Amino acid sequence: MPELPEVQSMIDNLIEENCLNKQITNIETIMPKLFKNCDFDQFKKHLMNEKITNITRNGKYLVFHLTHNKVFVVHLRMEGKLFFEKNDSPYDKKHTLVFIEMGDEVLRYHDTRRFGTFTIYSEDDYLDSKEIKKLALDPLQEEYDWKYLKNNLSKSSRVIKTSLLDQTNVAGIGNIYADEILFASKIHPTKIANELSDKEFKDIAKNSTLILKKAVENKGTTISTYFYKKEKKGEFQNFLKVHTKKGFPCPGCKAEIIKIKVNGRGTYLCPRCQKM
DNA sequence: ACAATATCCTGCGAGC
DNA sequence: TGCTCGCAGGATATTG
């Protein structure tokens with residue numbers, strides 16, 4: 001599931017593959033329902049003959065900046081992936097849902113679960129859109145620190161893992177990295193957020209930045225289907241300490257890693273290192 | 001106002 | 001073997 005490091009790795013790859021500044025010559029889809037604030041014809045009209053001038057990120061959203069002050073925003077949700085390829089290269093016919101053609105090349109959107117979203121805005125108003133406006137800072141932003149985190153999380157009587165997944169408290173963290181951050185901070189995922197000490201907020205702030213940074217350097221985590229580029233897996237799964245490690249020994253204390261449910265989400269932890 | 005739950009969707013693995 | 005069933009999960013809508 002793409003979280004901040006996976007989204008960033010995909011953006012980095014698209015730019016590296018030279019998808020910027022090429023005229024869009026055609027757009028096709030087999031899934032018009034992906035387009036959320038417009039119908040497909042409007043989306044097509046919005047992009048046609050423009051160029052992508054830059055790709056930026058807000059939380060887990062990809063922002064494609066176009067010529068003529070236009071923008072489109074993509075969220076990959078569970079399984080979305082973007083590949084920039086030659087038009088005549090082979091592709092998965094069943095799960096490739098959107099084609100943004102640029103001459104003999106094409107930006108393809110692949111999504112087996114069809115959960116992703118596409119929206120269109122102008123450059124001037126996308127930051128005020130309802131999905132991006134409410135995003136908190138992410139752990140890689142300069143202004144992010146433990147006081148900011150404490151201020152956002154300590155308002156909540158929910159359990160800390162649920163609060164960490166709430167993009168209005170801190171952006172970019174999903175189920176994998178929430179487990180890893182809480183393990184590194186030695187905090188039980190079901191501890192009530194507003195009962196954490198200053199030291200615990202400091203630890204979460206520090207570890208979230210460290211872990212996401214290292215995950216970006218390793219091009220994300222491939223557990224099952226994530227690729228930052230065609231057939232290219234991330235490497236951060238090799239550094240996971242608890243997530244997916246049920247039954248394995250804790251790298252710290254050798255106790256057995258367990259899996260529990262926290263608000264419906266599969267959650268991995270070391271019961272000895274992460275005490276209530 | 002907040003928090004828990006249902007919803008979207010498909011592939012996959014468990015179990016009979 | 002082949003079927004059904006339930007699970008996985010990010011964000012949003014709905015319900016409590």
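Numbers restart at 1 for each chain; the letters A, B, ... are given by sequence-line order, proteins then strands. Remember, predicted model here, so these are calculated numbers, not experimental data. Every heavy atom of this structure was used, including side-chain atoms; hydrogens, water molecules and symmetry mates were not.
- Screening Ile100(A), Asn49(A), Val106(A) against Ile24(A) for a side chain to side chain contact (heavy atoms under 4.5 Å, CB included) leaves a single residue, Ile100(A).
- Among the heavy atoms of the strands lying under 4.0 Å from Gln167(A) are primed sugar atoms or P, OP1, OP2 only; no base atom is included.
- Residue Lys161(A) is out of contact with every strand shown, counting any heavy-atom pair closer than 4.0 Å.
- Each end of the helix from dC2(B)-dG16(C) to dC16(B)-dG2(C) gets its own axis from five base pairs, and the two axes differ in direction by 60°, given to 10 degrees.
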Contact pattern, 5' to 3', of nucleotides 3-10 of chain B - B, S or - by protein heavy atom under 4.0 Å: SS---BBB
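- For the residue pair His110(A)/Asp92(A), the side-chain donor-acceptor check at 3.5 Å is satisfied.
- Side-chain rings of Phe183(A) and Tyr268(A) stay apart, their centers remaining 6.0 Å or farther from each other.
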Stepwise side chain to side chain donor-acceptor pair (under 3.5 Å) test for Tyr148(A) and Gln141(A): CA-CA 12 Å; Tyr148(A) 175 84; Gln141(A) 285 178 287; over 6 Å; no
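- From the 5' end on, the contacts that DNA chain C makes with chain A at under 4.0 Å to a non-hydrogen atom open and close at dA8(C) to dT12(C).
- Residues from residues 55-64 of chain A placing a heavy atom under 4.0 Å of any atom in DNA chain C, listed by number, are Lys60(A), Tyr61(A).
- With rounding to the nearest 0.5 angstrom, the CD atom of Glu256(A) is 10.5 Å from the SG atom of Cys270(A).
- Nucleic acid contact for Lys134(A): sugar-phosphate only, since backbone atoms but no base atoms lie under 4.0 Å from a heavy atom of the residue.
- Using a 3.5 Å distance cut-off with no hydrogens or angles, the side chains of Thr162(A) and Arg265(A) do not pair a donor with an acceptor.
- With sequence neighbours excluded, no residue satisfies ring pair (Phe, Tyr, Trp, His ring centres under 6.0 Å) with His188(A).
- Taking atom CG of residue Leu97(A) and atom C1' of nucleotide dG11(B), one finds them 14 Å apart after rounding to whole Å.
- Pairing each heavy atom of Ala205(A) with each of Asp145(A), the nearest pair is CB-C, 4.2 Å.
- The backbone N or O of Lys93(A) lies less than 3.5 Å from no partner atom in the side chain of Thr96(A), so there is not a single donor-acceptor pair.
- Every residue meeting the ring pair (Phe, Tyr, Trp, His ring centres under 6.0 Å) condition with Phe43(A), not counting sequence neighbours, appears here in chain and number order: Phe35(A), Phe72(A), Phe118(A).
- Inspection of the His75(A) and Glu131(A) side chains reveals no N or O donor paired with an N or O acceptor under 3.5 Å.
- Here CG of Leu47(A) is found 7.0 Å from CD1 of Ile52(A). Values are rounded to the nearest 0.5 Å.
- Using a 4.0 Å cut-off between a side-chain N of Lys or Arg and a carboxylate O of Asp or Glu, Asp179(A) and Lys241(A) do not qualify as a salt bridge.
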